[in-house]
There are 2 protein chains.
Amino acid sequence: MAVEPEAEPAARRTTIADVASRANVSTAAVSKVLRNAYGVSPAMQERVRAAIAELGYRPHAAARGMRGQTYTIGVLIPDLRNPFFPELIEGIGEHLAATDYQALLGPGGSTPESQARITEAMIDRRMDGLIMIAPVVPRAQLEATARTVPTVVIGRHGRSAEFDAVVDDDVTGAGLIVDHLADLGHRRIAHIEHRDTTRGIPTTMPQTVRADGYRQAMARRGLTDEIDVVPSTYSEAGGYAAARELLARPRRPTAIFAGADVAAIGVLNAVHEAGLRIPEDISVAGYDNTSIAAMGPISLTSVDQDGRLMGSNAARLLLERVEGKRRRSVLMSLSPTLVPRRSTGAPPVNP
Amino acid sequence: MAVEPEAEPAARRTTIADVASRANVSTAAVSKVLRNAYGVSPAMQERVRAAIAELGYRPHAAARGMRGQTYTIGVLIPDLRNPFFPELIEGIGEHLAATDYQALLGPGGSTPESQARITEAMIDRRMDGLIMIAPVVPRAQLEATARTVPTVVIGRHGRSAEFDAVVDDDVTGAGLIVDHLADLGHRRIAHIEHRDTTRGIPTTMPQTVRADGYRQAMARRGLTDEIDVVPSTYSEAGGYAAARELLARPRRPTAIFAGADVAAIGVLNAVHEAGLRIPEDISVAGYDNTSIAAMGPISLTSVDQDGRLMGSNAARLLLERVEGKRRRSVLMSLSPTLVPRRSTGAPPVNP
DNA sequence: TTGAAAGCGCTAACAA
DNA sequence: TTGTTAGCGCTTTCAA
């Protein structure tokens with residue numbers, strides 16, 4: 001076969017065949033080097049690597065996927081605005097950086113339908129594994145997905161034999177806030193819960209577990225009579241509406257525990273509007289310890305979940321499954337910590 | 001050929017061949033129906049569609065990509081924490097929803113190296129087109145990418161023959177803030193600029209253009225002598241440090257215009273710490289009109305860019321190129337609007 | 001209008 | 001250890 005002249009059609013991308021002929025080996029050999037597979041002599045390794053470098057060859061991920069893997073991990077991310085998610089993504093990226101895998105994010109939206117669509121799209125693209133952040137699809141659907149492709153679920157309680165799960169212990173987290181407020185002397189501690197009206201939303205979502213944790217902790221502190229849960233949504237508007245309702249009560253709470261920082265911001269707005277001071281007149285706490293909570297003018301007491309750690313663990317668990325090292329499912333529950341700030345203090349003497 | 005019994009190996013996913021045999025047509029015919037290609041009779045259309053529905057067939061995107069397209073659009077997103085980006089993503093999704101294309105996000109990080117890595121990864125996966133949000137890679141590299149795959153750049157000024165660009169008119173935007181403050185009576189208006197020390201960062205980034213717009217507007221208002229640009233970073237810490245510096249000046253500004261909301265938050269912190277009131281003692285303005293700016297306790301005057309519109313336009317332009325409908329490059333510049341809030345007011349009488 | 005057949009770039013099974 | 005070869009699921013000529 002004649003040596004190819006340099007004047008090629010120009011547009012063609014270098015393939016494994018180019019590398020093979022340059023290194024005078026078979027394409028199979030190149031493929032083995034690419035995958036660090038067994039059965040290549042050091043000398044051949046060397047030659048192939050040199051050819052790859054000279055040609056600037058990059059394997060075509062989709063073509064690899066036709067027979068083997070795509071080296072792509074799909075991450076379903078429901079809401080880009082949730083300031084907790086970037087930490088998860090960073091944690092995932094941190095773990096994957098040392099591997100050959102690349103994460104791509106699927107913007108899933110907040111409805112079961114849109115999330116299902118993106119999940120399908122990721123499966124259609126033969127992703128090697130899926131990390132699903134707080135998915136709202138029915139459990140059965142989740143398990144069906146997990147039977148198709150290795151899956152790890154983040155932030156949704158309840159275990160399954162089909163997929164691994166990484167969660168923060170939201171019962172403990174809610175307890176941290178209640179204990180903190182009770183220790184400060186509060187008794188009338190209200191809670192704002194996220195109540196999704198969409199049908200089929202599982203009860204294993206963090207919002208439900210946080211509300212349960214709140215109830216348990218109140219009971220533990222002998223405050224069963226003071227339990228006061230306002231159903232609303234984890235959003236600024238939701239927090240605002242719930243706080244307006246709470247502030248209008250004849251016997252209003254001395255502390256409001258919103259199940260998410262973003263809702264706590266809405267509470268702050270309502271409290272300011274009502275002309276009340278924080279924390280002198282009323283204490284406010286959130287959950288998630290997002291960057292907003294740390295902002296000076298906000299300074300919101302919150303619960304910190306180690307998102308980076310959750311993300312990197314999720315990635316680790318996923319790769320174990322992708323590489324077939326483990327078949328049994330794992331539930332990993334991490335401990336949250338309290339981050340007290342200026343939005344909580346002792347209750348007023350005569351509330 | 002014998003009819004396949006139902007007891008198949010179970011795991012196999014339905015392929016185009018399954019659909020073809022079910023509909024009693026060739027795989028080529030199915031392929032044509034899938035792509036709405038020319039040359040299929042209505043009757044065959046009908047039969048094939050029925051078979052697809054019955055079998056719940058979904059095309060394998062990666063395999064399609066081997067010959068044709070992957071129907072995947074890659075979106076490079078540098079910083080998930082930037083609250084402006086979700087709007088762009090929504091705009092992109094909005095436009096793509098009506099098409100067969102699916103967007104996947106590549107978490108690009110903020111360094112040229114990490115962004116280049118993800119860009120490569122997206123090209124390796126044969127994405128049909130790329131939308132790059134405020135990329136910090138050198139222009140030459142951007143053009144090389146654009147020659148490989150259709151590309152649209154968002155939020156980076158300067159045009160190119162190789163790619164389309166969608167930008168907000170940051171010169172006008174900065175002018176809106178300066179005019180607003182000058183109309184209120186301010187003269188000593190300082191500006192906080194993002195100065196990236198990484199080498200090779202192009203001068204076409206929004207931060208540079210915003211600073212230019214500030215200078216032009218100050219000059220236009222006859223305030224050339226008052227021009228005061230503090231180099232820092234678009235981050236809370238960056239805004240804080242810059243504000244500390246400005247507040248320490250013997251003749252301190254009566255208004256601080258931070259080039260981004262996130263930096264303005266840092267300014268608010270520093271101002272509060274210094275025991276000054278907003279806006280009575282000092283006015284503060286940001287840029288981007290992020291959700292943080294709208295929060296009650298913050299109420300930051302800002303500049304709104306229509307992110308959804310930018311995103312959907314970028315997607316539209318990209319698909320025009322992907323589908324080969326246009327070869328000449330387009331630069332689309334949108335107009336920002338001022339959103340005045342409580343953080344700006346008349347300057348103190350004796351500053 | 002329809003279908004047969006040849007790839008796309010790679011991996012895996014197997015033979016040498 | 002190395003190479004040959006047969007696909008993976010689809011699209012695209014090109015003939016019928």
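Letters A, B, ... are given to chains in the order of the sequence lines, protein chains preceding strands, and every chain is numbered from 1. Remember, predicted model here, so these are calculated numbers, not experimental data.
Comparing B/T27 and A/T14 by the nucleotide of DNA chain C that holds the closest heavy atom to each, the one mapping nearer the 5' end is B/T27.
B/T70 and B/D128 share a donor-acceptor pair across their side chains, judged by distance under 3.5 Å alone. Side-chain N/O atoms of B/S31 and B/R35 include a donor and acceptor closer than 3.5 Å. Using a 3.5 Å distance cut-off with no hydrogens or angles, the side chains of B/T72 and B/Q102 do not pair a donor with an acceptor. No hydrogens or angles considered: nothing links the side chains of A/T145 and A/T148 as a donor-acceptor pair under 3.5 Å.
Closest of all the heavy-atom pairs between B/G311 and B/I154 is CA-CD1, 4.5 Å. Nearest heavy-atom pair, A/T119 versus A/L130, reported as atom, atom and distance to 0.1 Å: CG2-CD2, 3.9 Å. Closest heavy-atom contact between B/Q115 and B/P78: NE2-CB, 3.6 Å. In this structure, A/L34 and A/P59 approach most closely via the heavy-atom pair CD2-CB, 4.3 Å.
Using a 4.0 Å heavy-atom cutoff across all strands shown, B/A28 reaches at least one base atom of the nucleic acid. Note on B/V30: nothing from the nucleic acid sits closer than 4.0 angstrom, heavy atoms only.
Rounded to the nearest 0.5 angstrom, A/L142 CG and A/E162 CD are separated by 10.0 Å.
Applying the side chain to side chain donor-acceptor pair (under 3.5 Å) test to A/S26 and every residue at least two apart in sequence or in another chain returns nothing.
Within the structure, salt bridge (Lys or Arg N to Asp or Glu O under 4.0 Å) pairs that include any residue of residues 91-108 of chain A comprise A/E94-A/R308 (at least two apart or interchain).
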Please produce a list of atom pairs where a protein N or O lies less than 3.5 Å from an N or O of nucleotides 14-16 of chain D.
none

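Between A/Y38 and C/dA12, a side-chain N or O to OP1/OP2 separation shorter than 4.0 Å is absent. Taking 4.0 angstrom as the limit, A/S31 places a side-chain polar atom (N or O) nearer than this to OP1 or OP2 of C/dT11. Considering only side-chain N and O atoms, B/R35 lies under 4.0 angstrom from the phosphate OP1 or OP2 of D/dT12. Within the 4.0 Å cut-off from OP1 or OP2 of C/dG3, at least one side-chain nitrogen or oxygen of B/S26 is found.
At a threshold of 4.0 Å, the pair B/D164-B/R326 counts as salt-bridged, since one of the basic side-chain nitrogens sits closer than that to a carboxylate oxygen. A salt bridge is absent between A/R117 and A/E113: the closest approach of a Lys/Arg side-chain nitrogen to an acidic carboxylate oxygen does not fall below 4.0 angstrom.
Near DNA chain D, meaning a heavy atom under 4.0 Å from it, residues 60-72 of chain A has A/M66, A/R67 in order of number. DNA chain D lies under 4.0 Å from no heavy atom of any residue of residues 39-48 of chain B.
A donor-acceptor contact shorter than 3.5 Å links the side chain of A/T151 to the backbone of A/V149.
If you take CD1 of A/I16 and C1' of D/dT4, they are 14 Å apart, rounded to a whole angstrom. Spacing between atom CZ of A/R13 and atom P of C/dG7 amounts to 22 Å, rounded to whole angstrom units. Between the CD1 atom of B/I123 and the P atom of C/dG9 there is a distance of 16 Å, rounded to whole Å. Atom C1' of nucleotide D/dC10 and atom CZ of A/R126 are separated by 11 Å, given to the nearest angstrom. In this structure, CD1 of A/I52 is placed 13 Å from C1' of C/dC10, rounded to the nearest angstrom. Residue A/L34 contributes atom CG, which lies 9 Å from atom C1' of C/dC10 at whole-angstrom precision. Between the CG atom of B/N24 and the C1' atom of C/dG3 there is a distance of 13 Å, given to the nearest Å.
Comparing the local axis fitted to the first five base pairs of the helix from C/dT1-D/dA16 to C/dA16-D/dT1 with the one fitted to its last five gives a bend of 40°, rounded to 10°.
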